[in-house]
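Data first, discussion second: the structure below is written as structure tokens.
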Amino acid sequence: MPELQLHELAGKNVLVTGWGISGKALIQPLRDLGATITVTDGGAAALAEAAELGLHTAVPDDLAADGALDSFVLVVTSPGWRAESPVLAAAAKRGLPIWGDVEFSWHVDQAQLYGPVRQWLVVTGTNGKTTTTSMVASILEAADVSNAACGNIGLPVLDALRRTAPRAEVLAVELSSFQLHWAPSVHPAAGVVLNIAEDHLDWHGGMQPYVDAKARALSGDVGVVGLDDAVAASLAATSPAGRTVGFRLGTPVSGELGVLDGTLLDLAFAESPGAELIGADEISPPGPAGIMDALAAAALTRSIGVTPDAVGAGLANHTVGPHRAALVRELAGVGFVDDSKATNPHAARSSILAHPRVVWLAGGLLKGASVDELVAEVADRLVAAVLIGQDATQIAEALARHAPDVPVVTVPARDDAGVTEVNSADSIMRTAVRAAARSASPGDTVLLAPAAASLDMFASYGHRGAAFAAAAEELTAADLGPAS
């Protein structure tokens with residue numbers, strides 16, 4: 001069957017599944033194409049909002065029935081919808097094309113619906129996506145290249161494409177594994193796989209499908225892989241990119257970016273002896289994870305001709321976003337660092353390894369991930385651990401196995417009635433931060449690096465990080481440990 005073309009949507013019925021940020025961004029482009037739009041979502045309020053905009057609406061159960069999709073020519077899905085969901089399964093059974101919002105965005109750009117085709121620089125990985133994407137945007141700004149950071153970072157790609165003042169010539173596109181799963185046609189100017197660790201395996205149905213989704217970032221002209229991550233590095237051997245390069249924390253060889261004598265060095269897009277980019281100690285956020293993200297951003301931008309000077313200037317101008325290893329307070333020689341975005345063990349590992357002595361505040365929803373390997377590796381850096389959330393017991397058990405000398409405090413996530421409440425989360429965090437402060441001495445870091453998702457207690461990882469920062473601000477020197 002020939003691939004559906006956008007011009008064929010005029011006067012035809014298109015189904016949009018999911019009324020979130022990405023779903024809403026689809027509406028105007030579909031209207032510009034002349035499509036008749038139906039929205040489906042599991043929430044009654046979402047459907048009511050869509051109906052107020054003059055859109056047809058349908059509940060998912062009705063669309064899963066036999067024949068309910070006969071009038072549609074295309075389904076455009078929000079990234080969180082799994083292929084096994086009844087509506088998408090019914091669409092697949094009928095042979096309807098199913099595009100993710102990013103796949104649709106790619107076709108819109110290639111069809112030049114909103115002007116000449118842009119260059120896409122795609123960033124994916126289990127951790128570090130948003131930091132790397134924002135670094136790419138900062139470098140492009142320094143190079144005076146009109147750009148937009150979009151995708152999973154918050155701004156839908158379609159909104160970036162539609163923006164005219166100024167028009168973005170290069171898109172720094174953060175893509176999750178969900179978005180890549182639904183975007184097989186995307187072939188960027190350059191794409192990076194930063195790292196790959198166990199995450200979202202329940203959605204993908206296993207590790208290999210998750211890896212396969214991430215690997216789609218390497219389907220363009222230039223592919224970039226993190227060489228210090230075994231899984232990401234392994235993708236170099238099968239990368240379909242026109243050219244594949246790597247980055248590492250150590251000394252690079254030809255075809256790589258790395259660090260030599262404390263300076264980021266490009267030996268992939270510059271001849272020997274390479275191009276010096278910036279001092280490693282100038283990178284924000286500091287530490288190995290920030291340096292690796294900077295190397296990845298440098299590789300992507302160098303691949304499209306950005307000069308070494310602009311790369312260095314852009315990285316120097318970059319500041320870390322909230323909840324990403326951000327120092328929120330220093331009190332009597334004790335630092336309080338909010339890395340609430342460290343929502344899995346792999347991210348927590350990078351965060352902990354950036355500090356020599358850590359009072360670790362962790363816990364939440366592990367989503368089936370194991371923390372044993374993490375605890376065993378970072379045990380010698382842990383001064384103490386304070387645990388919160390649904391899976392605190394699992395982390396405590398791992399600490400007992402691999403770091404038995406580390407003091408552990410578990411803060412129950414329950415109110416007086418014995419029920420976990422979102423509105424009690426801030427007070428629980430306050431208790432946890434005070435417990436962590438009592439274990440800290442000058443030179444220590446009280447580090448919120450939960451290794452787990454936040455939704456068991458908090459509205460989001462941002463809410464969790466804000467609660468941590470607020471609790472840290474309330475402390476006085478009297479709240480710190482005796483050695484302080």
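Residues take their numbers from the sequence shown, with the count starting at 1.
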[Y] and [X], any side-chain heavy atoms less than 4.5 Å apart:
X      : Y      : answer
Ser439 : Pro407 : no
Pro450 : Phe468 : no
Trp182 : Leu88  : yes
Leu387 : Leu399 : yes
Thr131 : His318 : yes
Asp229 : Met292 : no
Val186 : Arg216 : no
Ile395 : Leu366 : yes

Nearest 0.5 Å, what's the [atom1]-[atom2] distance between [X] and [Y]?
X      : Y      : atom1 : atom2 : value
Ile139 : Thr301 : CD1   : OG1   : 4.0 Å
Ile153 : Ser176 : CD1   : OG    : 13.0 Å
Asp159 : Leu26  : CG    : CG    : 9.5 Å
Phe104 : Thr77  : CZ    : OG1   : 13.5 Å
Asp391 : Ile388 : CG    : CD1   : 11.5 Å
Leu353 : Leu374 : CG    : CG    : 8.5 Å

Testing Arg381, Arg357, Arg438 for salt bridge (Lys or Arg N to Asp or Glu O under 4.0 Å) with Asp444, which one passes?
-> Arg357
State whether the side chain of [X] and the backbone N or O of [Y] hold a donor-acceptor pair below 3.5 Å, judged by distance alone.
X      : Y      : value
Trp360 : Ala449 : yes
Asp293 : Thr132 : no
Ser138 : Met135 : no
Ser177 : Lys214 : no
Asn195 : Asn127 : yes
Ser460 : Gly462 : yes
Glu103 : Ser185 : yes
Asp338 : Val328 : no
Ser105 : Asp101 : yes
Asn317 : Ala142 : no

Can you name the residues that form a ring pair (Phe, Tyr, Trp, His ring centres under 6.0 Å) with Trp120, not counting sequence neighbours?
-> Trp106
Provide the closest heavy-atom pair for [X] versus [Y] in the form atom of the first, atom of the second, distance.
X      : Y      : answer
Ala453 : Arg464 : O-NH1, 3.3 Å
Leu447 : Ser351 : CD1-OG, 3.4 Å
Leu171 : Ala160 : CD2-CB, 4.1 Å
Val123 : Lys129 : CG1-O, 3.7 Å
Val433 : Leu361 : CG2-CD1, 3.9 Å
Ala296 : Val192 : CB-CG2, 4.0 Å

For Leu327, does the CG atom have more than 12 heavy-atom neighbours from other residues, nucleotides or ligands under 6.0 Å away?
-> yes
Is the closest side-chain donor-acceptor distance between Ser454 and His463 under 3.5 Å?
-> no
Among residues two or more places apart or on two chains, list those pairs meeting salt bridge (Lys or Arg N to Asp or Glu O under 4.0 Å) that have a residue in residues 473-482.
-> Arg430-Glu474, Arg434-Asp479
Take Asn152 and Leu175 through the test side chain to side chain contact (heavy atoms under 4.5 Å, CB included) and record every step on the way to the result.
-> CA-CA 5 Å; Asn152 199 52; Leu175 294 183; 5.9 Å; no
Thr251: side-chain hydrogen bond (donor to acceptor under 3.5 Å, both in side chains) partners, not counting sequence neighbours = none
Tell me, please, which residues at least two apart from Arg329 pass side-chain hydrogen bond (donor to acceptor under 3.5 Å, both in side chains).
-> none
Could you list the donor-acceptor pairs under 3.5 angstrom formed between side-chain atoms of residues 274-288 and any protein atom two or more places apart in sequence or on another chain?
| from | atom 1 | to | atom 2 | distance (Å) |
| --- | --- | --- | --- | --- |
| Glu282 | OE2 | Gly279 | N | 3.3 |
| Ser284 | OG | Val320 | N | 3.2 |

When the side chains of residues 257-269 are checked against the rest of the protein, which donor-acceptor pairs come out under 3.5 Å, sequence neighbours left out?
| from | atom 1 | to | atom 2 | distance (Å) |
| --- | --- | --- | --- | --- |
| Asp266 | OD1 | Ala268 | N | 2.7 |
| Asp266 | OD1 | Phe269 | N | 2.9 |
| Asp266 | OD2 | Arg302 | NE | 2.8 |
| Asp266 | OD2 | Arg302 | NH2 | 3.1 |

Which one of Val136, Leu140, Leu121 satisfies the side-chain contact (heavy atoms from CB on, under 4.5 Å) criterion with Asn147?
-> Leu140
In sequence, state the C-alpha distance, the side-chain angles, and the governing distance for Leu235 and Val231, and then conclude on side chain to side chain contact (heavy atoms under 4.5 Å, CB included).
-> CA-CA 7 Å; Leu235 298 178; Val231 181; 5.5 Å; no
